[in-house]
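Beneath this line is the structure, given in structure tokens, with notes to follow.
All values reported here derive from a predicted model rather than from experimental measurement.
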Amino acid sequence: MNIIIVNHADETMSDFLQELNPSQLKAVRHTEGPLLIIAGAGSGKTRVLTYRIAYLLREGVAPHQILALTFTNKAAGEMKERIAHVTGERAASQVWAGTFHSIFARLLRYEAEHLDYTSSYSIYDAEDSLSVVKNIMNSMGYSQQQFPPQAVRGRISSAKNQMIGPREYAAQASNLAERQTAEIYIRYEERLRANNAMDFDDILLNMIRLLQRYPEILQKYRERFRYIMVDEYQDTNRAQYTAIRMLAGGHNNIAVVGDDAQSIYKWRGADIRNILDFQKDYPNAETVKLERNYRSTKAILAAADSVIKRNKRQLDKTLWTENSDGEPVRVIQAWDDRQEAAQIAEIIRCEISENFRNMRDFAVLYRTNAQSQALEDALRRASLRYTIVGGMSFYKRKEIKDVLSYLRLLVNQSDSESLLRIINEPSRGLGSVSLGYLQDFATRENIPLFEAFMRVADVPALMPRARKSAADFAAFIRRFAERVQRGESIVEIAVEYIEATGMPNVLREERTDEAEDRLRNIERVLSNIGEYAAHEDNPTLEGFLQQISLAADIDDTDASANAVTLMTLHSAKGLEFPTVFVAGLEQGLFPLARTENDPDEKEEERRLFYVGITRACKQLFLSYAERRFRFGELAFNEPSCFLDEIPSDTLEWKRGDSLRRTPKSADASRPAPFITRHNSQFTKPARTEKPFYDDIPRNESYSQLPPPANSRPNIRAGQRVRHAQFGIGTVNSVVERTSGEWQAVVQFQNVGRKQLLLRYAKLEIIG
DNA sequence: TGGCCGAACCTGGTG
DNA sequence: GGTTCGGCCA
């Protein structure tokens, strides 16, 4: 019986190998020694990774010896699913596949004591660590106006990504902001340590520390993970790179997959050198290029190619496809952001009703999360279901973060940050004064804040009411913590514990729809715990919290739901859709204003555009609006320079029928776009109502209109200007006031943001 | 101690 | 347009 099964599996396997093209096959079969796979967009790299794992399993490698590091948990899950198809559920579930953070966090829980953490350490997300930074800055008396905590946290995080510790950072600080960041950095590290907490960066750094400090542990994991694979290698940072090098040292069975053209995370520490120098790091490395694209039409690929070839620094490769030519890439011009969204919704509606397409075939990609608003409104009006990735996700909501903080405190009473978050949620009558006494005491005694709550007798300054309140709170936490230690069911404990916090009752009494929503959200967390406990062999609250903390926005999007997907271009990496819209192609928005003067940043924006284009299989739409609301103001923008980088013979321009059209002077600096009039697939002639699109060339449409009454000034968002009094600055937006006056919002280098009426302020454009 | 109001930020992307 | 934060008052 066994033999038959093995034979069958073997047969399936061979079948799969036959599906691979020569390069893919080479990558799958190269199992020993270092391997660099340069995988162009849509070249089937997930298939290669999946079959490579299946192949290793067939060669007799045990599943737990394989470590596959992916960019998102979702990608890891999909990979496991596909492996299961080839080799069966059992083996697939034992493969170590996940993100750097989730895999390392898991290992660190086993090894926590070696680094003076406990296995129930808390994981702080960006928001948690920001609030630590704020607390520290307040205690040091730094003004948040002068030194934005966001920026301080950003500097600390990027130092950590480059593996620069607080002392080293202090030593190389070159200006006031950096010197102050250094001071905060030192305290930040102490604070997290005292809280038995790690931020996202610490998970990587502590893994490295562990491997450096304990050779026997390093040896253990080198033997455990005999085969290592890394996806999206172009987006690894210094810390990730170092951890991989250590783990792969010895056997050197490391296969990395990446595409330098899709490197879009430099801003968070990704180091493109990691992929460019792979052959230097591993001298006997084999390189395989996957250049055949299976995803997109020739038209889409041609557009992508013409864009990316403007970047200077890149590995040599040429994508090709045997897919059909496909439809031309279409550019949608809109009057404003609302109309842009309406046109997108209308196209989707049309495609669904006339070409029997599914809602899940469509994705709308944008540069900034703020753009989702108008799109959501338009889709709702068109009665189209949508799912939105990122933005205000479930686990970022206040009530959810409160529940999670309560749970964190339950397993980790050193976590003063969580304690502070929930102590007055609901209000327990402990104001800043009482909390101040308790914190002072904790600092003096060098104990966690929670311990001060347990020792209120030693804090004489407390008023009787506050004293009782603090003592009651400590007793309440202790009572439930003991139940956790006794090993009672975590689901039961969590349900009773959250009820006992008093939060649900407060919400019930509120009797508003919003409170109802929040209550339901809390219930959803509790049922998530139930779900987690049902799937896990050894469910713990720590495990649940870890899984939640490290979930990415993209991870909990449900691919089976039939809905239009809205997300940022960054989130779209690794995905594909039959029809893709890239919205908001405007100067100052995409590419973003501040990247215009920096060639490196502009190249990264261009790669992001390339990523967007190559998500599309069959249809690609690019859209822009002439004006849009940003910062609550109407801003005017030129079409993105990226549009000029696509050859005009693959493009087709479409202008939405404006409901209101306000004059705008013709822009003679741009050539008239190429217009194809013979394409009938797009404009539906059969429709009886007025067509939504017309073939008006954009310049013509303006020139037919009467000259503007109060003509638009020359100044554009993104430009650098000089003001006689305020000095040099960058234009944020140019706005027409209801009075008809034109106003510019300028961010000056020295004096901050100013609103200037162009009639009075003489601004000199300098770049 | 907590709630209300206006000012000032924001929107650059994420595990 | 939304959110967050600090100041002021009951």
Side-chain angles (χ1 to χ4, degrees), chain A residues 69-76 98-105 123-127 129-131 134 138 143-145 148-151 154 157 161 198-204 232 235-237 239-240 264-270 337-338 365-374 377 389-393 395-396 398 424 426-436 463 465-466 469 546-555 567-573 584 588-595 601 604-605 607-608 611-612 628-635 732-733 745 747 752-753:
Chain A
L69 296 164
T70 59
F71 205 69
T72 63
N73 292 304
K74 191 181 178 213
T99 63
F100 280 89
H101 291 89
S102 65
I103 300 271
F104 288 179
I123 295 173
Y124 285 178
D125 65 16
E127 198 191 314
S129 73
L130 182 65
S131 87
K134 282 180 188 166
N138 283 339
S143 132
Q144 297 200 3
Q145 307 286 341
Q150 284 281 11
S157 174
N161 282 328
M198 300 185 199
D199 65 19
F200 286 148
D201 307 318
D202 286 330
I203 291 170
L204 304 176
E232 309 284 8
D235 282 325
T236 50
N237 63 30
Q240 291 167 320
I264 54 174
Y265 284 103
K266 191 176 162 215
W267 54 273
R268 71 166 208 217
D337 49 349
R338 288 190 59 188
L365 312 181
Y366 37 79
R367 183 64 181 82
T368 66
N369 277 311
Q371 286 165 257
S372 72
Q373 190 81 59
D377 290 345
V389 178
M392 195 56 169
S393 71
Y395 287 102
K396 283 183 194 139
K398 186 187 174 304
N424 278 313
S427 169
R428 291 188 175 83
L430 288 166
S432 55
V433 177
S434 304
L435 279 175
M463 303 292 275
R465 255 166 98 173
S469 179
Q546 180 189 303
Q547 192 182 302
I548 295 305
S549 317
L550 297 175
D553 289 329
I554 193 91
D555 293 337
M567 63 186 149
T568 62
L569 287 142
H570 282 91
S571 294
K573 191 165 79 154
L589 183 62
F590 191 26
L592 276 170
R594 60 195 290 183
T595 67
E601 282 203 70
E604 178 144 319
E605 292 285 297
R607 290 193 292 270
L608 190 57
V611 167
R628 86 168 54 239
F629 273 99
R630 275 184 99 185
F631 304 105
E633 284 163 347
L634 205 50
N732 274 350
S733 63
V745 179
Q747 184 71 38
R753 211 164 97 125

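Within the nucleic acid shown, A:Phe629 has no heavy atom closer than 4.0 Å to any nucleic acid atom. Residue-level contact check: A:Gly429 touches the backbone only, with heavy atoms under 4.0 Å from sugar-phosphate atoms and none from bases. Within the 4.0 angstrom heavy-atom criterion, no nucleotide atom of any strand lies near A:Asn73. Within the nucleic acid shown, A:Glu232 has no heavy atom closer than 4.0 Å to any nucleic acid atom. Across all strands shown, A:Phe100 has no heavy atoms under 4.0 Å from either base or sugar-phosphate atoms. Residue-level contact check: A:Lys134 touches the backbone only, with heavy atoms under 4.0 Å from sugar-phosphate atoms and none from bases. Contacts of A:Ser102 with the nucleic acid, taken as non-hydrogen atoms under 4.0 Å apart, are absent. Contact annotation for A:Gln240: no contact, since no heavy-atom pair falls under 4.0 Å across all strands.
For B:dG12, the OP1/OP2 oxygens have no side-chain nitrogen or oxygen of A:Thr568 closer than 4.0 Å. At the phosphate of B:dG12, neither OP1 nor OP2 sits under 4.0 Å from any side-chain N or O atom of A:Asn369. Look at A:Ser427 and you'll find a side-chain N or O under 4.0 angstrom from OP1 or OP2 of B:dG2. One finds a side-chain N or O of A:Ser571 lying less than 4.0 angstrom from the OP1 or OP2 phosphate oxygen of B:dT14.
Taking only distance into account, the side chain of A:Trp267 meets the base of B:dG13 through a donor-acceptor pair shorter than 3.5 Å. Looking at A:Glu605, its side chain comes within 3.5 Å of the base of B:dG12 through a donor and an acceptor atom.
Residue A:Asp337 contributes atom CG, which lies 14 Å from atom P of C:dG2 at whole-angstrom precision. Atom CG in A:Asn161 sits about 18 Å away from atom P in B:dG13, given to the nearest Å. Following rounding to the nearest Å, A:Phe631 (CZ) and C:dT3 (C1') show an atom-to-atom distance of 14 Å. In this structure, A:Arg268 places its CZ atom 18 Å from P of B:dG12, rounding to the nearest Å. What separates CG of A:Asp555 from P of B:dG15 is a distance of 7 Å, to the nearest Å. Distance CD1 (A:Ile203) to P (B:dT14): 18 Å, rounded to an integer number of Å. Rounding to whole angstrom units, CE of residue A:Met567 and P of B:dG13 are separated by 15 Å. When rounded to the nearest whole Å, the span between NZ of A:Lys398 and P of C:dT3 equals 14 Å.
Side chain of A:Glu605 to backbone of A:Leu592: a donor-acceptor contact under 3.5 angstrom is found.
In this structure, A:Phe71 does not count as stacked on the base of B:dG15 under the 5.5 Å centre distance and 30° plane angle limits.
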Report task. Could you please spell out the steps behind the side chain to side chain donor-acceptor pair (under 3.5 Å) verdict for A:Ser102 and A:Asn73? Result -> CA-CA 8 Å; A:Ser102 65; A:Asn73 292 304; 3.3 Å; yes

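Ring planes of A:His570 and A:Trp267: perpendicular class, angle over 60° (limits at 30 and 60°).
Checking B:dT14, B:dT1, B:dG12 against the side-chain heavy atoms of A:Ser434 singles out B:dT1 as nearest. Nearest to the side-chain atoms of A:Tyr265 among the listed nucleotides B:dT1, B:dG15, B:dT14 stands B:dT14.
Aromatic pair A:Phe200/A:Phe104: ring centres not closer than 6.0 Å.
Side chains of A:Thr568 and A:Asn369: a donor-acceptor N/O pair is absent below 3.5 angstrom, by distance only. Of the N and O atoms on the side chains of A:Ser157 and A:Asp201, at least one donor lies less than 3.5 Å from an acceptor on the other residue.
Of the residues near DNA chain B, A:Ala552 and A:Gln150, the one whose nearest nucleotide (by heavy atom distance) lies more toward the 5' end is A:Gln150. Of the two residues near DNA chain B, A:Arg428 and A:Thr368, the one whose nearest nucleotide lies more 5' is A:Arg428.
Taking atom C1' on both nucleotides, B:dG12 is separated from C:dC5 by 22 Å, rounded to a whole Å.
Salt bridge status for A:Lys266 with A:Glu601: absent, with no side-chain N to carboxylate O gap under 4.0 Å.
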